[in-house]
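Heads up: the structure comes next, in structure tokens.
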Amino acid sequence: MSDPNTPPPASDFIRDRVRADLDSGKVQQVVTRFPPEPNGYLHIGHAKAITLVFSIAKEFGGRCNLRMDDTNPEKEAQEYVDAIQDDVRWLGFEWDGLYYASDYFPQLFAWAEQLIENGLAYVDDQTAEQIADSRGTVRAPGKDSPFRDRPVAENLDLFRRMKSGEFPDGSKVLRARIDMAHPNLNLRDPVMYRVRKLHHQRTGDEWCIYPMYDWAHGQSDSIEGITHSLCTLEFEHHRPLYDWFCEKLGIWHPQQIEFARLNVEYMLTSKRKLLRLVEEQHVDGWDDPRMPTIRGLRRLGVPPEALVAFCRHVGIAKVNGTHELALLEHFVRDWLNQHAERRMAVLDPVELVIENWPSPEHVEWLEAGNNPEDPAAGTRQVPFSGKLWIEREDFMADPPKKFFRLGPGREVRLRFGFFVTCTGFDQDDAGNVTCIRCTYDPETKGGNAPDGRKVKGTIHWVSQAHAVAVEARLFEPLFREPDPASADGDAFVAMLRPDSRRGVTAHCEPSLGEATGGQRFQFERVGYFYCDAKDSKPGAPVFHRTVGLKDSWKKVQAKGD
RNA sequence: UACCCCGUGGUGUAAUCGGUAGCACAGCAGUUUUUGGUACUGUUGGUUCCUGGUUCGAGUCCAGGCGGGGUAACCA
């Protein structure tokens, strides 16, 4: 059993580096940051990054900022800014400073002028296409722009006029003057600014030139005094450029360190592909419980503590790998087992009639423990009567020896209730069992026989007269294949599982009728369920199956076949 | 085929200054059990990609292979 507060591994290549920088005195206090672009919702991969950067700051007594990397108004929106903050907080983290890259536009502009003055940046009049063509390829060097050697004064003048809006979109860019033959394509005079006459959600119409990622990101880190700038592996070849800008500017130089992004079986972590699932309505939205977004996992019922425990456990590395879904499920079950109260609900009902029950009106109230893992959770009263619902799969007309549930002549315990012995059953013309007849032993109330006899099986049940029918949604992975990301182009869409969501009516014990959004329960012997805050109405809760219970009977069965 | 990164059981990740492979999940077997859940116990899996070299000793260092991933947006 894992404890969410388990101290993280004592060392890994990032923590080793942080410790070394602290020991050498290179930095006094660790400062990290989580820098999302507010152009979409956060997903499980971000959860890993968030857990990492906030944890490192905390472990070493440092600080961690949340910074919106809002340098491209074309795709960004306030809606995402709000959602990101909400998601980070839901995970249980609180930032020291909330910043926006757009707040640094004036400083960035001044620094760009400084680079121009030092002959390290120039205004290029080429089209995007020409720039792409002249960049060369991975094997062939690029060609210098005809505007590469413009005099400093002309560059300065042009750049200022770019800012004042004199030139149309795409007509000019500011580029760093590095080396068009550099083996690292990122150093072949990368674009720093482009002209985009767009309204920005924070700066309004103040700017019509916007900085590119490489130019904005490292400088923002520097301004905030970030000591360790953690990012994913695909930014490895950007590090030389990150370093170049800081060195040429002579400003505080944070250390960029890359780690492998998180991949989990059956999950996609490409914003583009997730957007497509939403737009084509393969899912109900970004918060669909089948989505790997933080909001989706939240509505699935995954507790934030479990998600964070998972993120801590997976550790960090420089190799991209894929984690088994079973590992995530382990952490989810682990937390839920300790915290979720138990209830009884029948998802696929079949009638059970107790033939020797005193009278149709007779009801016995039984005491049921709320959580065997937590006595403090107390008990509740559950009504028992002569007509019940039990799970269809808990009865077999001709059961094998290893089946411990109900069958003709067999005795089982009805959880918290009585021992019942099956005396017979009815079937319809198609052979479906329609009713199971039993007798009960009044001496076994509560579930124990005074004569000490044992039963091998215990099954759950719900009194028909008291049952509350509610909607339960059963989810399975969105994709049929464990690695949908491996599909080329549009192929991932064809991998969608047709029945990844199934709605059923759950017949529940009365107390479940009053469940409210956000509550989590274990439906005994079935699985963990989350009361969805979005679709539930007072008196009409909607439950989402977060994860099933482990089922060792299913394994025995599979072997028998 | 240019450059960069990486290569430990099924999966993921550990192993101080080089000392002889650990942990979690999954799997298997069993004990306990008023959830075939939980808990507990035991256990199967690794020639640490390969080949050489240095060394008393290498997963750890060196060389050469092989394999995997990444990179050519006025996106981040």
Side-chain angles (χ1 to χ4, degrees), chain A residues 1-2 9-12 35-37 39-40 69 71-72 74-76 124 126-129 131-132 135-142 169-175 182-188 190-196 209-210 212-214 216-217 231 233-240 258 260 265 271-272 313-331 333-334 337-338 342 344 368-369 372-373 402-405 413-417 419 444 446-448 454-460 522-527 548-557:
Chain A
M1 188 167 62
S2 61
S11 77
D12 52 56
E37 181 187 15
N39 71 340
D69 215 345
T71 56
N72 184 6
E74 210 168 329
K75 300 192 293 179
E76 297 153 6
D124 195 340
Q126 293 185 107
T127 63
E129 212 172 304
I131 288 176
R135 185 161 18 237
T137 68
V138 289
R139 283 192 291 165
D169 284 14
S171 58
K172 285 182 168 44
V173 293
L174 182 74
R175 301 177 74 179
H182 199 104
N184 181 340
L185 289 284
N186 289 125
L187 284 283
R188 316 245 263 231
V191 173
M192 294 168 64
Y193 277 100
R194 74 281 211 180
V195 178
R196 280 284 175 284
I209 55 172
Y210 290 98
M212 300 293 291
Y213 167 84
D214 287 303
H217 197 88
C231 62
L233 252 31
E234 62 267 32
F235 291 102
E236 240 161 3
H237 353 36
H238 290 250
R239 182 162 17 101
E258 310 85 10
E265 285 178 343
K271 274 188 190 173
R272 208 198 91 245
H313 179 90
V314 299
I316 51 170
K318 303 195 90 169
V319 231
N320 277 311
T322 302
H323 288 268
E324 291 175 335
L325 218 211
L327 186 63
L328 206 212
E329 292 183 337
H330 162 76
F331 283 98
R333 289 197 189 99
D334 189 38
N337 176 49
Q338 297 165 62
R342 269 107 245 233
M344 289 196 285
E373 304 296 318
K402 279 190 280 187
F403 186 74
F404 302 146
R405 284 111 96 148
R413 170 168 38 233
L414 293 176
R415 174 132 235 222
F416 304 121
F419 283 12
T444 56
N448 286 304
K454 304 285 184 196
V455 286
K456 195 81 171 131
T458 299
I459 63 175
H460 60 102
Q522 180 196 103
F523 288 181
E524 296 224 18
R525 304 208 309 130
V526 178
L549 254 28
K550 282 203 193 166
D551 189 351
S552 50
W553 164 239
K554 205 185 282 173
K555 283 183 195 167
V556 174
Q557 244 179 338

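In what follows, chains carry the letters A, B, and so on, assigned in the order in which the sequence lines appear, proteins first and then strands, with residues in each chain numbered from 1.
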Judged by atom type as modelled, is there a donor-acceptor pair below 3.5 Å linking the side chain of A:R188 to the main-chain atoms of A:T137?
yes
Candidate nucleotides B:rU35, B:rA72, B:rC25, ranked by approach to the side chain of A:E524 - the nearest:
B:rU35
Measure the shortest side-chain to side-chain distance between A:V191 and A:D124 over non-hydrogen atoms and say whether it is less than 4.5 angstrom.
no
Identify whether any heavy atom of A:N72 sits under 4.0 Å from a base atom; if not, whether one sits that close to sugar-phosphate; answer base, sugar-phosphate or nothing.
sugar-phosphate
Any N or O donor-acceptor pair under 3.5 Å from the base of B:rU35 to the side chain of A:Q522?
yes
Mind checking whether A:E74 and A:Y210 have side chains closer than 4.5 Å, heavy atoms only?
no
Counting C-beta onward and ignoring hydrogens, is there a side-chain heavy-atom pair between A:H313 and A:H330 closer than 4.5 Å?
no
Which part of the nucleic acid, if any, lies within contact of A:T458, taking any heavy atom under 4.0 Å across all strands shown: a base, the sugar-phosphate backbone alone, or nothing?
sugar-phosphate
Taken to the nearest whole Å, CG/A:L185 to C1'/B:rG70 is 12 Å
Spacing between A:L233 atom CG and B:rG68 atom P, to the nearest angstrom:
17 Å
Residues passing the side chain to side chain donor-acceptor pair (under 3.5 Å) test with A:R239, sequence neighbours excluded, are A:E258
Grab the CG-C1' distance between A:N186 and B:rA76 for me, whole Å please.
12 Å
Could you check which of B:rC5, B:rA76, B:rA26 has an atom nearest any side-chain atom of A:A326?
B:rA26
Once you apply a heavy-atom cut-off of 4.0 Å, does A:E76 come out as touching a base, just sugar-phosphate, or nothing?
nothing
Just call it for A:F235: base, sugar-phosphate, or nothing, with non-hydrogen atoms closer than 4.0 Å on any strand.
base
I want to check something: taking the side chain as every heavy atom from C-beta on, are A:H217 and A:F235 in contact at a cut-off of under 4.5 Å?
no
I'd like to know if the side chain of A:N186 reaches the main chain of A:P240, judged simply by a donor and an acceptor atom lying under 3.5 Å from each other, with no hydrogens or angles considered.
no
Considering only the C1' atoms, how many Å lie between B:rG18 and B:rG53, rounded to the nearest integer?
15 Å
Which of B:rU38, B:rU35, B:rC28 is nearest the side chain of A:E373? It is B:rU38
Using whole Å, report how far NE2 of A:H237 lies from P of B:rC4.
10 Å
Pairwise C1' distance for B:rA21 and B:rU8, with rounding to whole Å
8 Å
Taking only the side-chain nitrogens and oxygens of A:R194, find out if one of them lies under 4.0 Å from OP1 or OP2 of B:rC75.
yes
Under 4.0 Å, counting only non-hydrogen atoms across every strand here, what does A:D214 touch: a base, just sugar-phosphate, or nothing?
nothing
Between A:S171 and A:N184, which residue's closest nucleotide on RNA chain B lies nearer the 5′ terminus?
A:N184
Quick check: does any side chain N or O of A:E524 sit under 3.5 Å from a backbone N or O of A:M344, one acting as donor and the other as acceptor?
no
Checking all strands, does A:F419 fall into the base, sugar-phosphate, or nothing category for heavy-atom contacts under 4.0 angstrom?
nothing
Could you tell me how far B:rC3 sits from B:rU60 if I compare only their C1' atoms? Round to whole Å.
27 Å
Protein and nucleotides 7-13 of chain B: nitrogen or oxygen contacts under 3.5 angstrom:
| residue | atom | partner | partner atom | Å |
| --- | --- | --- | --- | --- |
| B:rG10 | N2 | A:E324 | OE1 | 2.9 |
| B:rG10 | N2 | A:E324 | OE2 | 3.4 |
| B:rU11 | O4' | A:E324 | OE2 | 3.1 |
| B:rU11 | O3' | A:T322 | O | 3.3 |
| B:rU11 | O2' | A:T322 | O | 3.1 |
| B:rG12 | OP1 | A:T322 | N | 3.3 |
| B:rG12 | O2' | A:H323 | ND1 | 3.4 |
| B:rG12 | O2' | A:H323 | NE2 | 3.3 |

Test A:Q522 against A:L549 for side chain to side chain contact (heavy atoms under 4.5 Å, CB included), laying out the working first.
CA-CA 9 Å; A:Q522 180 196 103; A:L549 254 28; 3.9 Å; yes
Closest approach to the side chain of A:P183, judged atom by atom: which nucleotide of B:rG37, B:rC3, B:rA72 is it?
B:rC3
Look only at the side chain of A:R194 and the backbone of A:D169, and say whether a donor-acceptor pair between them is shorter than 3.5 Å.
no
Base, sugar-phosphate, or nothing for A:R239, non-hydrogen atoms under 4.0 angstrom?
nothing
Spacing of the P atoms in B:rA2 and B:rC62 (rounded, Å)
23 Å
Is there a donor in the side chain of A:D214 and an acceptor in the side chain of A:H238, or the other way round, less than 3.5 Å apart?
yes
Is there side-chain contact between A:V195 and A:V173, with heavy atoms separated by less than 4.5 Å?
no
If you assign A:K555 and A:D169 each to the RNA chain B nucleotide with the nearest heavy atom, which residue ends up on the more 5' nucleotide?
A:K555
Give me syn or anti for B:rG67, where syn covers glycosidic angles within 90 degrees of 0.
anti
Check: A:E234 side chain, B:rG69 base, donor-acceptor under 3.5 Å:
no
Would you call A:E37 and A:K75 a side-chain contact if the rule is heavy atoms closer than 4.5 Å?
yes
Rounded to the nearest Å, what distance is computed from the CZ atom of residue A:R188 to the C1' atom of nucleotide B:rA73?
15 Å
Separation of B:rA26 atom C1' from A:L328 atom CG, nearest Å, is 14 Å
Between B:rU33 and B:rA39, how far is it from one C1' atom to the other, in whole Å?
9 Å
Can you see if the side chain of A:K75 gets near the phosphate of B:rA76 - specifically, an N or O under 4.0 Å from OP1 or OP2?
no
Sugar-phosphate only, base, or nothing, as touched by A:V191 at under 4.0 Å among non-hydrogen atoms
sugar-phosphate
Side-chain N,O (A:K550) to OP1/OP2 (B:rU35) below 4.0 Å:
no
Value in whole Å for how far the P atom of B:rA73 lies from NE2 of A:H238
11 Å
Short side-chain N/O contact from A:T71 to OP1 or OP2 of B:rA76, under 4.0 Å:
yes
Between B:rG67 and B:rC49 - C1' atom distance, rounded Å:
7 Å
OP1 or OP2 of B:rC74 less than 4.0 angstrom from a side-chain nitrogen or oxygen of A:R135, does that happen here?
yes
Reckon A:K554 touches a base, only the sugar-phosphate, or nothing at all at heavy-atom distances under 4.0 Å?
nothing
Can you check the distance between B:rU38 and B:rG27, where both ends of the measurement are the P atom (answer in whole Å)?
10 Å
Distance check needed: B:rU35 P versus A:F523 CZ, whole Å only.
19 Å
Whole-Å P distance, B:rU11 and B:rG46:
13 Å
Could you check whether A:P372 gets within reach of a base, just the sugar-phosphate, or nothing at all, counting any heavy atom under 4.0 Å?
base
For the student: nearest non-hydrogen atoms of A:T71 and A:A216, plus distance:
CG2-CB, 3.7 Å
Pairing string, 5' to 3', for RNA chain B - Watson-Crick or wobble contacts under 3.5 Å, brackets [ ] where pairs cross, | to another strand
.((((((..((((.....[..)))).(((((.......))))).....(((((..]....))))))))))).....
Does a nitrogen or oxygen in the side chain of A:K454 sit under 4.0 Å from OP1 or OP2 of B:rU33?
no
Counting side-chain heavy atoms from C-beta on, which of B:rC74, B:rU35, B:rA14 comes nearest to A:R196?
B:rC74
